K.L.:
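One structure is given below, represented as structure tokens, and several questions about it will come after.
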There are 2 protein chains.
Amino acid sequence: MQMADADSRPTLADVAARAGVSKSLVSLVMRDEPGAGAETRRRVLKAADELGYHPDSRARLLRSGRSRLLGVVFGIQHAFHVDLVTALYTAARDSGYELALSAVTPDRDETEATTGLLQDRCEALIMLGPQTPAHALARLTTRLPVVVLARGVRGADVIRTADADGLHLAVDHLGRLGHQRIAHIDGGRAPGAADRRRGYREAMDASGLSRHVQIVAGGLTEQAGTTAARALLDQSHPPTAITVFNDRCATGVLDVLLRGGKRVPEDVSVVGYDDSHLARLAHINLTTVAQDVHTMTKLAVARAIERIEGADVAHRTIVVPPQLVIRGTTGPATT
Amino acid sequence: MQMADADSRPTLADVAARAGVSKSLVSLVMRDEPGAGAETRRRVLKAADELGYHPDSRARLLRSGRSRLLGVVFGIQHAFHVDLVTALYTAARDSGYELALSAVTPDRDETEATTGLLQDRCEALIMLGPQTPAHALARLTTRLPVVVLARGVRGADVIRTADADGLHLAVDHLGRLGHQRIAHIDGGRAPGAADRRRGYREAMDASGLSRHVQIVAGGLTEQAGTTAARALLDQSHPPTAITVFNDRCATGVLDVLLRGGKRVPEDVSVVGYDDSHLARLAHINLTTVAQDVHTMTKLAVARAIERIEGADVAHRTIVVPPQLVIRGTTGPATT
DNA sequence: CCGTTTTCCTGGAACGTTCCATAAGTCGAG
DNA sequence: CTCGACTTATGGAACGTTCCAGGAAAACGG
């Protein structure tokens with residue numbers, strides 16, 4: 001009859017046989033649900049313990065139709081994504097859901113990363129700064145709830161920072177320090193770059209500095225920062241302050257300045273974006289616009305779970321205010 | 001009849017109904033097994049695509065008793081781990097196994113990361129520079145195959161770089177450039193640090209530079225690098241060359257040197273370790289000891305699969321030779 | 001003492017796959 | 001033709017759970 005094989009794990013049926021009850025009853029007891037007598041309950045637990053029984057989560061999940069899994073698609077090379085994932089773990093900790101990570105690498109695109117998560121039957125997807133075109137995202141949302149972080153897109157739930165406001169903060173700060181020739185090194189087509197460019201322009205206009213507006217093509221990497229910085233320094237009237245698309249790019253800028261014999265912030269002020277761990281390092285000590293990672297991830301998890309549990313309202317965009325973190329790379333204008 | 005519910009995901013049966021074939025046949029096609037005609041195969045794939053069907057891995061592995069999952073435990077904050085994970089995806093690509101990522105964060109320790117993977121029924125674990133004590137690792141290996149990357153430990157399969165050799169390469173290179181006062185900023189208790197310290201000592205001895213041996217406490221971060229570098233520069237006779245535990249720490253060192261008015265490599269040469277993407281950046285351009293990420297990850301995946309498929313030999317350590325990558329931070333000694 | 005509720009328990013049908021046994025058709029050889 | 005061998009397809013039994021409908025026995029209220 002029912003024999004617990006030596007090589008295969010014991011099942012509900014094995015425990016039931018040993019305790020002399022039905023499978024259903026054992027199932028109840030294991031889940032700590034009411035409906036079993038005190039004495040029987042003890043007997044079942046004893047039998048389970050003796051057999052070294054552990055419920056098989058795959059079968060459990062299969063039957064109950066739930067995986068309690070939140071899929072996360074992220075770029076493992078992006079410092080800021082790493083910060084977000086770290087915070088997501090914390091945010092998900094007490095929600096009753098687990099995180100399933102799927103990385104985008106130079107050799108593994110977003111489609112592949114997403115497919116993997118779908119096979120794991122994640123109940124919702126949290127995508128960090130996805131590059132997937134809007135229509136493909138829209139198609140995804142018909143299959144399962146999708147929360148997009150750090151990129152604005154129609155047809156999905158979005159949590160993002162008020163990037164334009166972020167550049168207002170940066171420009172205003174520099175303006176108060178007396179800077180006029182404030183340049184911006186942008187992020188090209190990266191998520192958020194357009195908003196930051198717009199914010200920069202608006203803020204310059206609002207401060208009456210329209211004629212000093214100067215936008216240089218940058219990118220997400222140190223490399224992009226060095227190239228852009230060199231271009232700026234080669235001018236006859238280089239800027240006295242630079243706002244940069246993100247921290248990583250800003251470290252490239254800093255490096256060029258230092259090597260070019262410019263002092264920071266005495267000769268040139270620099271403001272980054274993200275407040276990634278890079279910016280906090282004592283020797284970089286970068287003034288930067290902080291995205292509220294804690295709030296964003298908390299909201300993302302909450303939103304995903306709301307969707308899973310049936311909230312069926314229209315997709316909503318939540319915009320989180322940024323905050324300026326003043327450190328050592330900004331100072332009074334001297335020119 | 002069989003209707004694809006709007007709210008529930010499509011199953012094999014749905015695809016079968018739409019393509020006008022049996023569930024079994026669809027199953028074959030999805031697994032890319034022989035036994036289906038070319039025309040039918042196409043029809044099935046089309047139907048699956050139209051429905052947006054994705055196989056349910058839980059049901060799949062419940063039935064087959066396998067998960068075909070390799071669990072990866074890694075520190076998401078470590079640049080080098082990120083490089084390794086990236087390469088692991090590539091290495092696993094054609095093996096028939098998938099990767100399940102579980103990150104260690106400041107808020108989520110290795111035990112937690114490991115437990116998660118065990119519940120997912122991974123068939124083997126690949127652990128990157130784990131801090132878990134040896135006896136706990138040993139207990140793990142009784143439950144499933146464990147491959148340890150970038151850390152030497154008894155009682156498990158280990159793939160690591162010949163770290164001592166790495167420092168031989170670095171010191172010899174500096175020696176040939178005429179350097180004598182070559183210091184080492186170490187990695188404390190980090191995996192590999194002890195070997196690198198030893199390699200440094202041996203190489204100095206072998207070059208007849210024993211009396212110039214100087215080891216300063218460092219660590220894995222930029223922060224640690226800055227502290228150590230300051231300590232070195234404060235000396236009456238500062239070294240003309242520095243070997244550093246890893247690239248990240250080395251960037252901290254570089255920063256202190258630049259700010260202190262030292263030119264690199266004219267005044268001081270610096271050698272890093274790992275050849276992480278950090279080192280390759282044009283403006284850092286760090287001479288460094290490269291770990292052969294490609295080979296290491298390939299071996300790790302192969303080893304894990306061998307174990308899964310029953311190889312029951314003793315645990316083995318595979319040591320991969322490092323390679324010196326000469327870039328711009330090393331030059332002839334001038335003192 | 002009879003109905004009604006409550007408590008404790010059981011059997012069997014799902015969940016979405018894979019795997020096995022088998023069948024129908026095709027083809028070439030004897 | 002008939003036989004076997006191959007190819008292509010099918011139906012149904014697992015896998016280890018949970019969930020649902022129900023049933024027997026005990027408890028309760030009148």
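In what follows, chains carry the letters A, B, and so on, assigned in the order in which the sequence lines appear, proteins first and then strands, with residues in each chain numbered from 1. A quick note: this is a predicted structure, and the numbers were derived from the prediction, not measured.
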K.L.:
At what distance, to the nearest 0.5 angstrom, does CG of A:D14 lie from CZ of A:R18?
P.N.:
10.0 Å
K.L.:
B:T40 side chain N/O closer than 4.0 Å to the phosphate oxygens (OP1, OP2) of D:dT8?
P.N.:
no
K.L.:
Please report, rounded to the nearest Å, how far the P atom of D:dT18 is from the CG atom of A:L12.
P.N.:
6 Å
K.L.:
What is the distance, to the nearest angstrom, from the CG atom on B:L25 to the P atom on C:dA24?
P.N.:
17 Å
K.L.:
Nearest-Å distance, CZ (B:R68) to P (C:dT17)?
P.N.:
17 Å
K.L.:
State which residue, out of A:Q291, A:H78, A:H277, fulfils the side-chain hydrogen bond (donor to acceptor under 3.5 Å, both in side chains) condition with A:D83.
P.N.:
A:H277
K.L.:
Side chain of A:S24 only, heavy atoms from C-beta on: which candidate in D:dG11, D:dT17, C:dG11 is closest?
P.N.:
C:dG11
K.L.:
Which nucleotide wins on minimum distance to the side chain of B:S64, given the candidates D:dG16, C:dT17, C:dC19?
P.N.:
C:dC19
K.L.:
With sugar-phosphate meaning primed atoms plus P, OP1 and OP2, does A:R31 contact a base, only sugar-phosphate, or nothing at under 4.0 Å between heavy atoms?
P.N.:
sugar-phosphate
K.L.:
Return the value, rounded to whole Å, for the distance between atom CG of B:D14 and atom P of C:dC15.
P.N.:
11 Å
K.L.:
May I have the distance from B:L61 (atom CG) to D:dC15 (atom P), rounded to whole angstrom?
P.N.:
15 Å
K.L.:
Can you measure A:R41 atom CZ to C:dT7 atom C1' for me and round it to whole angstrom units?
P.N.:
12 Å
K.L.:
Please check if atom CZ in B:R66 has more than 12 non-hydrogen atoms from other residues, nucleotides or ligands closer than 6.0 Å.
P.N.:
yes
K.L.:
State the CG-CG distance between B:D56 and B:L61, to the nearest 0.5 angstrom.
P.N.:
8.5 Å
K.L.:
Write down the distance between OH (B:Y53) and P (C:dG16), rounded to a whole number of angstrom.
P.N.:
10 Å
K.L.:
Considering every strand and a 4.0 Å limit on heavy-atom distances, what is the contact class for B:P34: base, sugar-phosphate, or nothing?
P.N.:
nothing
K.L.:
Atom OG1 in B:T111, atom CD in B:Q131: separation rounded to 0.5 Å?
P.N.:
11.5 Å
K.L.:
Compare side-chain N and O positions of A:R60 against OP1 and OP2 of D:dT18 and report whether any pair is under 4.0 Å apart.
P.N.:
yes
K.L.:
Taking only side-chain nitrogens and oxygens of A:S27, does any of them come within less than 4.0 Å of OP1 or OP2 of D:dT18?
P.N.:
yes
K.L.:
Taking atom P of C:dG12 as reference, at what distance in whole Å does atom NZ of A:K23 sit?
P.N.:
10 Å
K.L.:
Applying the side-chain contact (heavy atoms from CB on, under 4.5 Å) test to B:T317, which of B:V158, B:V153, B:I159 qualifies?
P.N.:
B:V158
K.L.:
Between C:dC15, C:dT18, C:dG16, spot the one nearest the side chain of B:T11, thanks.
P.N.:
C:dG16
K.L.:
May I ask you to verify whether the side chain of B:R63 and the base of C:dT17 hold a donor-acceptor pair under 3.5 Å?
P.N.:
no
K.L.:
Tell me which one of A:L149, A:V148, A:D195, A:I318 satisfies side-chain contact (heavy atoms from CB on, under 4.5 Å) with A:R160.
P.N.:
A:D195
K.L.:
Using five pairs at each end of the helix from C:dC1-D:dG30 to C:dG30-D:dC1 to define an axis, what is the angle between those two axes, to 10°?
P.N.:
40°
K.L.:
Would you mind writing out the side-chain donor-acceptor pairs for residues 298-311 of chain A within the sub-3.5 Å range, not counting sequence neighbours?
P.N.:
residue	atom	partner	partner atom	Å
A:R303	NE	A:D157	OD1	3.2
A:R303	NH1	A:E306	OE1	2.8
A:R303	NH2	A:D157	OD1	3.3
A:R307	NE	A:D157	OD2	2.4
A:R307	NH1	A:A311	O	3.4
A:R307	NH1	A:V313	O	3.0
A:R307	NH2	A:D157	OD1	2.9
A:R307	NH2	A:D157	OD2	3.0
A:R307	NH2	A:A314	O	3.2
A:E309	OE2	A:Y97	OH	3.4

K.L.:
Heavy atoms only, 4.0 Å cut-off, all strands: where does B:G37 land among base, sugar-phosphate and nothing?
P.N.:
sugar-phosphate
K.L.:
Using heavy atoms to find the nearest nucleotide of DNA chain D for B:G20 and A:H54 separately, return the residue whose nucleotide is more 5′.
P.N.:
B:G20
